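Take a look at the structure set out below.
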Amino acid sequence: MLRFVTSNPGKVREAREYLPETVEQVEYDYPEIQSADLAEIAAAGVRDAFEEIGEPVFVDDSGLFIDAFDGFPGPYSSYVEGRLGIERVWRLAERENENERGARFRTVVAYADGGTVETFEGSVPGRIVAPRGDGGFGYDPIFEHRGRTFAEMSTDAKNAVSHRSRALAKFADWIAQRDESSREGR
Ligand code: ITT
């Protein structure tokens, strides 16, 4: 069983569909440090969450990096979604030249169990478009990948290509290897 510290039910749904292990959501609002680097934010967050909860835990820090805005909102994606909303992010991007509307979703999954904090990164390229679709969560309606927005995809289809699933795949491989070596060491 894996404990996922997050307040975001969309992240939990995707992790549950993707990972073979049972995923339990733990709601603890760990402080997010100010940094341009998602891995630093995730590593600091998971350390704090582990100290608070006292059990092995993982977190997921994600962001949308828009080319025309030099990667903004990036690590500030949550704040910008809450304050501006994705419709306004689209309207700002719409003013930019069409070939400047490229973007990338990034996720860093960080795991802590008292030893070294492990981080796993995933990203996916796409472009910013007018909102379409009612699936997914967050910025999904304005992020198009190969002709469809993430909000137009099922969880399964999004998981086949997404930033989060790419980070979770590395995490899952690492867990499998760790379990394998602890079995061999027995
Ligand atoms: P926790 O920190 O509690 O896990 P959060 O939603 O605040 O939840 P982040 O700090 O990682 O998560 O914020 C990332 C922002 O990007 C937030 O606005 C999310 O809605 C959005 N986001 C993250 N993953 C996404 C995805 O797969 N598709 C669309 N938007 C996403």
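Order of appearance sets the numbers: ligands from 1, and atoms from 1 within every ligand. Scope of the values below: all heavy atoms of this structure, side chains included, with no hydrogens, waters or symmetry mates. On a predicted model such as this, the values are computed, not experimentally measured, just so you know.
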inquiry  = Please determine whether any non-hydrogen atom of Phe150 lies less than 4.0 Å from an atom of ligand 1.
reply    = no
note = Atoms of ligand 1 under 4.0 Å from any heavy atom of Asp61, numbered from 1 in the order shown, are 10 (O), 11 (O)
key: Where Ala42 and Asp61 come nearest, the two heavy atoms and their spacing   = CB-CB, 3.9 Å
query = Got a salt bridge between Lys158 and Asp140, using NZ or NE/NH1/NH2 to carboxylate O under 4.0 Å?
reply = yes
ask   = For the atom pair CD (Glu17) and OG (Ser154), what is the distance rounded to the nearest 0.5 Å?
value = 7.5 Å
inquiry  = Would you say that Phe50 contacts Arg3 through its side chain, given a criterion of any heavy-atom pair below 4.5 Å between the two side chains?
reply    = no
key: For atom 12 (O) of ligand 1, closest protein heavy-atom neighbour   = Lys11 NZ, 2.8 Å
Protein residue, atom and distance nearest to atom 22 (N) of ligand 1, heavy-atom basis = Phe137 CE1, 3.8 Å
task = Check each of Phe120, Phe4, Trp174, Phe58 against Tyr111 using the ring-ring contact (aromatic ring centres under 6.0 Å, His included) test, and report the only one that passes.
result = Trp174
Protein heavy-atom partner closest to atom 27 (O) of ligand 1 - residue, atom, separation in Å = Lys158 NZ, 2.7 Å
ask   = Can you tell me which residue and heavy atom of the protein come closest to atom 19 (C) of ligand 1, and the distance to 0.1 Å?
value = Glu81 OE1, 3.6 Å
ask   = Is the closest heavy atom of Asp60 to ligand 1 under 4.0 Å?
value = yes
key: His145/Val124 under side-chain contact (heavy atoms from CB on, under 4.5 Å): CA gap, chis, key distance, verdict   = CA-CA 8 Å; His145 177 76; Val124 61; 3.5 Å; yes
query = Salt bridge check: are Glu94 and Arg91 linked by an N-O gap of less than 4.0 Å?
reply = no
ask   = Which ligand 1 atoms are under 4.0 Å away from a heavy-atom of Arg164?
value = 23 (C), 24 (N), 25 (C), 26 (C), 27 (O)
message = Checking a contact table here: which protein heavy atom is nearest atom 2 (O) of ligand 1, and how many Å away?
response = Glu32 OE2, 3.4 Å
message = Would you say Arg164 and Ser62 are linked by a side-chain donor-acceptor pair, where the criterion is simply a distance under 3.5 Å?
response = yes
query = How far is atom 14 (C) of ligand 1 from its nearest protein heavy atom, and which residue and atom name does that atom have?
reply = Ser62 O, 3.2 Å
ask   = Taking only heavy atoms of Thr6, which atoms of ligand 1 are found under 4.0 Å from at least one of them?
value = 1 (P), 3 (O), 4 (O), 8 (O)
ask   = To which protein heavy atom is atom 21 (C) of ligand 1 closest, and what is the distance rounded to 0.1 Å?
value = Tyr139 CD1, 3.8 Å
message = If the cut-off is 4.0 Å to any non-hydrogen atom of Asp140, which atoms of ligand 1 fall inside it?
response = 26 (C), 28 (N), 29 (C)
query = Looking only at heavy atoms of Phe143, does any of them come nearer than 4.0 Å to an atom of ligand 1?
reply = no
Ligand 1 atoms in contact with His163 (distance to a heavy atom under 4.0 Å) = 24 (N), 25 (C), 26 (C), 27 (O)
key: Exercise: identify the closest heavy-atom pair between Arg166 and Gly122   = CB-CA, 3.9 Å
Ionic contact status for Arg132 with Glu144, cut-off 4.0 Å = yes
inquiry  = Suppose I only count heavy atoms of Ser77 and a 4.0 Å limit; which atoms of ligand 1 are within that range?
reply    = 15 (C), 16 (O), 18 (O)
ask   = Can you list the ligand 1 atoms lying under 4.0 Å from a non-hydrogen atom of Asn8?
value = 6 (O), 8 (O), 20 (O)
query = In the protein, which heavy atom is nearest to atom 13 (O) of ligand 1, and how far is it?
reply = Ser78 CB, 3.4 Å
ask   = Do Ser123 and Arg104 have a side chain donor and acceptor closer than 3.5 Å?
value = yes
